[in-house]
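Beneath this line is the structure, given in structure tokens, with notes to follow.
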2 protein chains.
Amino acid sequence: MEYEPLDNIGVLIHTVDLEITSYVNSQLAAFQLTSEQNLIMALLWKHEGISQNEIATKLKKDKAGVTRMIFTLEKKGYIRRETCPNDKRSVKVYLTEDGRKLGNDVIPNNKSIIQLISKGMTKEEILELRRLLMKVRENVGRS
Amino acid sequence: MEYEPLDNIGVLIHTVDLEITSYVNSQLAAFQLTSEQNLIMALLWKHEGISQNEIATKLKKDKAGVTRMIFTLEKKGYIRRETCPNDKRSVKVYLTEDGRKLGNDVIPNNKSIIQLISKGMTKEEILELRRLLMKVRENVGRS
DNA sequence: AAAAATTAGTTGATACATCAACTATGAGAC
DNA sequence: GTCTCATAGTTGATGTATCAACTAATTTTT
């Protein structure tokens, strides 16, 4: 009855996650963006003016973390925060000119990153990978 | 030519990783261990007296992080550090009595965690999941 | 309208991943 | 033996994830 605490699907998923992040970060370094900041920017390139709360919901991230990432992006000069006049609790996030221009280079870059991750896999394999990952997700039942 | 920066295999793997970690942490909370601390303990339950460097290598973790995790485990009273007399640069890590006893409860717990993660999947599906994850790994080429 | 509950966001704390700079020790070349 | 290089570990910094406690504003209840 051997058991392999260091070599199981959970650990493998964690390792692959870190390696993907490392790769993505290396591809984004030139734009002064990290993988997670890039997700926020990607949202804003599609729907500018959404609130921090919407960002947190869509990215399934903790609102505390979103507050801090937004702060970092603001420091970098890519976004602008504005209190919503209709609901003063809410903060709407807008792109700056720099932030908007950044998309021209980063969006094509993102497309090629996404393609590379599943390079050499058939549509069926990608679907199967998704299905099996969803099965694991269901098993640990965090939703 | 749509592109889905927020819904691709990379993001899914990241999400599943976080959910697995969250589940594992919930199962380990009673033992005052986190998922990563548990990996170090699991190593020590098998090979007591290995060095921090061996721990870092086997867990593929940065040595800086290992230093800090070892420090935390020492504070918790589960391990003991001892400078190697043959190589004074090296620190050997030993279990305390508490740390050794902890294994009696945690090891069975770990086995059931590992089983649960791939519950309801056939051997072939688990192998296919591994294979596809290794393919992604190869694609991002961080090794 | 006043009280109670909910919501948006902030701040603080802890943990992990990663990189860079550093110290101390050891090993190999000569 | 000394000089050079490599190795083990530490410390500091930044970024992300998560939880808890908190403020301020809004919505619901009564």
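Each chain gets a letter, A, B and so on, in the order its sequence line appears, and its residues count up from 1.
- Among the protein residues, A:Lys88 comes within range of the sugar-phosphate backbone only, with heavy atoms under 4.0 Å from sugar or phosphate atoms but none that close to a base.
- In this structure, B:Asp62 reaches the bases: a heavy-atom distance under 4.0 Å links it to at least one base atom across the strands shown.
- Side-chain contact check for A:Lys123 versus A:Ile126: every heavy-atom pair is 4.5 Å or farther apart.
- Nearest to the side chain of A:Ser51, among D:dG9, C:dG9, C:dA17, sits C:dG9.
- Taking atom CD1 on B:Ile20 and atom C1' on C:dC16, their separation rounds to 16 Å, with Å as the unit.
- With B:Ser35 contributing its side chain and B:Thr21 its backbone, the two residues share no donor-acceptor pair below 3.5 Å.
- For B:Arg89, taking side-chain heavy atoms from C-beta onward, the closest of the listed nucleotides C:dT10, D:dG15, C:dT25 is C:dT25.
- Note on B:Thr34: only backbone sugar-phosphate atoms sit closer than 4.0 angstrom, heavy atoms only; bases stay farther off.
- Rounded to an integer number of Å, the gap from CG of A:Asn25 to P of D:dT14 is 16 Å.
- Residue-level contact check: B:Ala64 touches the bases, meaning some heavy atom is under 4.0 Å from a base atom.
- For the pair B:Phe71 CZ and D:dG9 P, the computed distance is 16 Å after rounding to whole Å.
- Taking side-chain N and O atoms only, B:His14 has a distance below 4.0 Å to OP1 or OP2 of D:dA17.
- What separates CD1 of B:Ile70 from P of C:dA15 is a distance of 14 Å, to the nearest Å.
- Put simply, NZ on B:Lys76 is 6 Å from P on C:dA15, counting in whole angstrom units.
- As a whole-Å value, the separation of A:Ile50 CD1 from C:dA8 C1' is 14 Å.
- Close to C:dT10, at under 4.0 Å from its OP1 or OP2, lies no side-chain N or O of A:Lys63.
- As judged by a 4.0 angstrom heavy-atom cut-off over every strand, A:Ser22 is placed among residues making no nucleic acid contact.
- One can place CD of A:Glu36 at 14 Å from C1' of C:dC16, the figure rounded to the nearest angstrom.
- Around the CZ atom of B:Phe71, the shell of radius 6.0 Å holds no more than 12 heavy atoms that belong to other residues, nucleotides or ligands.
- Taking the nucleotide of DNA chain D with the nearest heavy atom to each of B:Thr67 and A:Asn86, the more 5' of the two is matched to B:Thr67.
- For the pair B:Asn38 (side chain) and B:Leu33 (backbone), a donor-acceptor distance under 3.5 Å is absent.
- Here D:dT14 presents its C1' atom at 13 Å from CD of A:Gln32, a figure rounded to the nearest Å.
- Counting only distance, with no hydrogens or angles, the side chain of B:Ser22 and the backbone of B:Leu18 share no donor-acceptor pair below 3.5 Å.
- Under 4.0 angstrom from either OP1 or OP2 of C:dT7 there lies no side-chain N or O belonging to A:Ser90.
- Between the side chain of B:Arg68 and the base of D:dG12, at least one donor-acceptor pair of N or O atoms lies under 3.5 Å.
- If you find the closest nucleotide of DNA chain C to A:Gln52 and to B:Val66, the one lying nearer the 5' end belongs to A:Gln52.
- The residue B:Asp87 sits close only to the backbone: its heavy atoms come under 4.0 Å of sugar-phosphate atoms, none of a base.
- In this structure, A:Asn53 contributes its side chain and A:Ser90 its backbone to no donor-acceptor pair below 3.5 Å.
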